[in-house]
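These notes are about the structure you will find just below.
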Amino acid sequence: FEENTGYQDTYQDFEKDGKAKPLYDDHFHRQLSFRIDKNGSDGAIHTFQAGVKDLKFGGGWFNYEDLAPFDKKVTSHFQNYTYLKSDGLFKTRRFQIYHNYVDYNAILFNAPANPLELVTLDWSFRDQRIDMEFQENQIWSPDLQTVWGLGYRYELSDSIGWLAEDHHSRNSYRIFGHLEYNLTESLILNAGGFAEDHEDIGNNISPRLALNYRINNQHTLRTSLSRAYRMPSFYAQYADQTIESVVIPGLGLPQTLGDNNINPEEMTSFEIGYLGRFFENKLELDIRLAHEKIDQIIDRTKTERNIYRSDPFNLYRFNFFSYGQVDLESAEVQLNYKPSKKTFLNFYISLTNTDGYRADSLDLNKQPFNKEYLDDHVPYKTIGALISHKPLPDLRLSMQYNYVDAYSSEGDGSNLDRFESLDLKFTKEISTEKGEKLEFSGIVRNVSDNPYQDFEDDNFVGLDTYFQVKLSLN
């Protein structure tokens, strides 16, 4: 995949001379992956997957004095092995080991450190992860089945420009268990938990409890209560992006510092739902009402740099901080309709009310000084619709519509207006008697060519066309 159409920068358009500044945003993407499945003589199934990806994408502006064009290159690869063995109908064992590696190369030349000097920045990093897990499922009786397992994860990150030290690594161990028990013919209990020992954080336990009540074969009610944790990243714990001036001591780019004592985010969720099937199961209705609460929000929080050192320009420093909370109340409705084997229709709508805050800035003691309210950080309304039809046995045509309300995007994102888009896709299949299959697809995104913003206010998505070829050999 290669794209070099060039977005137009909308933020700087009218701040300078009223003319659009073309962004350097060329994008080049190559990917190769494969999968092998083998049935062993003992009845076990061995699966091996591997892949490599090569990306190059640009940043900066042409003919713009603040940040000249530069290339960001990403090379990654992964390997995955899975062993699956069933002992009759009642017990299944599964072992998986996964490894991935990412090399992100981004060197910025002539970046503005301050009004008087330009510097070269190395924002490159290398990440690796090894994940192993054992899992056993067992059916004890018609009313009881269980699953339990153990897991281990090793993470490694190297970076000169992002982290306090060039090299960071950590280990985590986990154990989990879950049971499903039929209390009655209509009422099913699901209970489980997940315990993790994280090298940098400590121990956490995440329980979950759910009940399903089957009114009859077409109608089911459900409810669940759970708690989970999100661990901080290496960047949140160990960031040290310090760029000091050699011309003016104490002056430079805004810095980012991590906190190795930062708390994990805690999320508590409660939901009730309904699933119904109508018209001989051709129509399926799924309704979900949920309340989710997130505590100790991890965020990069602004702190005035002159608190820590003399700075005539009163620039800012950013510290990672865990503070605040947000409550999300949502209602979701999804309809699936399959009038025939050739046609499928889907409709989805979600309404979300957001109420919460996090630290906007820190005081002298690194305590919250101002709050940032998060009411607009989740779109209130999201709508999706899909129509898929096979006019011929080997040809499928699809159309998808999406609508998203205005919201303030997280991270480096911006305040985005509401947008809607219409996408088209066709898929042609060619099969042989031996089981080989060639699949050719074409995708047209944003057919109406009505540009909308994506993540940042200077990224406008217009009309795009993609093609894909997939070959399956037996």
> Short question: side chain of D42, backbone of A44 - any donor-acceptor pair under 3.5 Å?
Replying inline: yes
> Which residues satisfy the ring-ring contact (aromatic ring centres under 6.0 Å, His included) test with Y235, sequence neighbours excluded?
Replying inline: W162, F320
> Is the closest side-chain donor-acceptor distance between H46 and Y81 under 3.5 Å?
Replying inline: yes
>> I'd like to know if the side chain of D423 and the backbone of N446 have a donor-acceptor N/O pair within less than 3.5 Å.
In response: yes
> Do other residues, nucleotides or ligands put more than 12 heavy atoms under 6.0 Å from F90 CZ?
Replying inline: no
> Going by distance alone, is a donor N or O of one side chain under 3.5 Å from an acceptor N or O of the other, for Q128 and R126?
Replying inline: no
> Does any N or O in the side chain of S124 come within less than 3.5 Å of the main-chain N or O of A106, such that one atom is a donor and the other an acceptor?
Replying inline: yes
>> Suppose the criterion is salt bridge (charged side-chain N to carboxylate O under 4.0 Å, His left out): which pairs have a residue in residues 326-337, not counting sequence neighbours?
In response: R288-E332
>> Just so I know, are the side chains of R358 and E372 near enough to count as touching, which here means a heavy-atom distance under 4.5 Å?
In response: yes
> Quick one: salt bridge (charged side-chain N to carboxylate O under 4.0 Å, His left out) pairs with a partner in residues 76-86, sequence neighbours left out?
Replying inline: K85-D87
> Do Y152 and Y173 have ring centroids that are under 6.0 Å from one another?
Replying inline: yes
> Does K91 reach the side chain of N137, with side-chain heavy atoms less than 4.5 Å apart?
Replying inline: no
>> Per the ring pair (Phe, Tyr, Trp, His ring centres under 6.0 Å) rule, what does the pair list look like for residues 333-361, sequence neighbours excluded?
In response: Y323-Y357
> Under the side chain to side chain donor-acceptor pair (under 3.5 Å) criterion, do H389 and T343 qualify, and how do the steps go?
Replying inline: CA-CA 4 Å; H389 179 65; T343 306; 2.7 Å; yes
> Is there a donor in the side chain of Q96 and an acceptor in the side chain of N80, or the other way round, less than 3.5 Å apart?
Replying inline: yes
> Is R170 paired with D200 through a side-chain N to carboxylate O contact shorter than 4.0 Å?
Replying inline: yes
> Heavy-atom distance under 4.5 Å between the side chains of S398 and R396, does that happen here?
Replying inline: yes
>> If we check side chain to side chain donor-acceptor pair (under 3.5 Å) with D54, which of these qualifies: R30, K73, Q31?
In response: R30
>> Between R222 and D286, does any NZ, NE, NH1 or NH2 come within less than 4.0 Å of an OD or OE carboxylate oxygen?
In response: yes
> Which is it for V147 and Q135 under the side-chain contact (heavy atoms from CB on, under 4.5 Å) test, yes or no, and what are the steps along the way?
Replying inline: CA-CA 7 Å; V147 58; Q135 178 179 303; 3.6 Å; yes
> If you count the non-hydrogen atoms of other residues, nucleotides and ligands that lie under 6.0 Å from OH in Y380, is the total more than 12?
Replying inline: no
> Under a 4.0 Å N-O cut-off, is there an ion pair linking K381 with D405?
Replying inline: no
Residues 257-265, side-chain donor-acceptor partners within the protein, below 3.5 Å, at least two apart:
unit_1	atom_1	unit_2	atom_2	d
D259	OD1	N261	N	2.9
E265	OE1	R230	NE	3.1
E265	OE2	R230	NH2	3.1
E265	OE2	I298	N	2.8

> Do R35 and D37 sit within salt-bridge range, that is, some charged N less than 4.0 Å from a carboxylate O?
Replying inline: yes
> Just by distance, do the side chain of E199 and the backbone of N171 share a donor-acceptor pair under 3.5 Å?
Replying inline: yes
>> So P232 and I201, do their side chains get closer than 4.5 Å, heavy atoms only?
In response: yes
> Step by step, would you call K53 with H77 a side-chain contact (heavy atoms from CB on, under 4.5 Å)?
Replying inline: CA-CA 6 Å; K53 184 184 294 186; H77 58 79; over 6 Å; no
>> Check this for me: does any side-chain nitrogen of one of E133 and R174 sit under 4.0 Å from a carboxylate oxygen of the other?
In response: yes
>> With no hydrogens and no angle check, just 3.5 Å: does a side-chain donor-acceptor pair link T382 and S350?
In response: no
Per-pair distances, 0.1 Å, donor-acceptor, side chain in residues 204-217, under 3.5 Å, sequence neighbours excluded:
unit_1	atom_1	unit_2	atom_2	d
R214	NH2	E185	O	2.5
N216	OD1	Q218	N	2.8
N216	OD1	H219	N	3.0

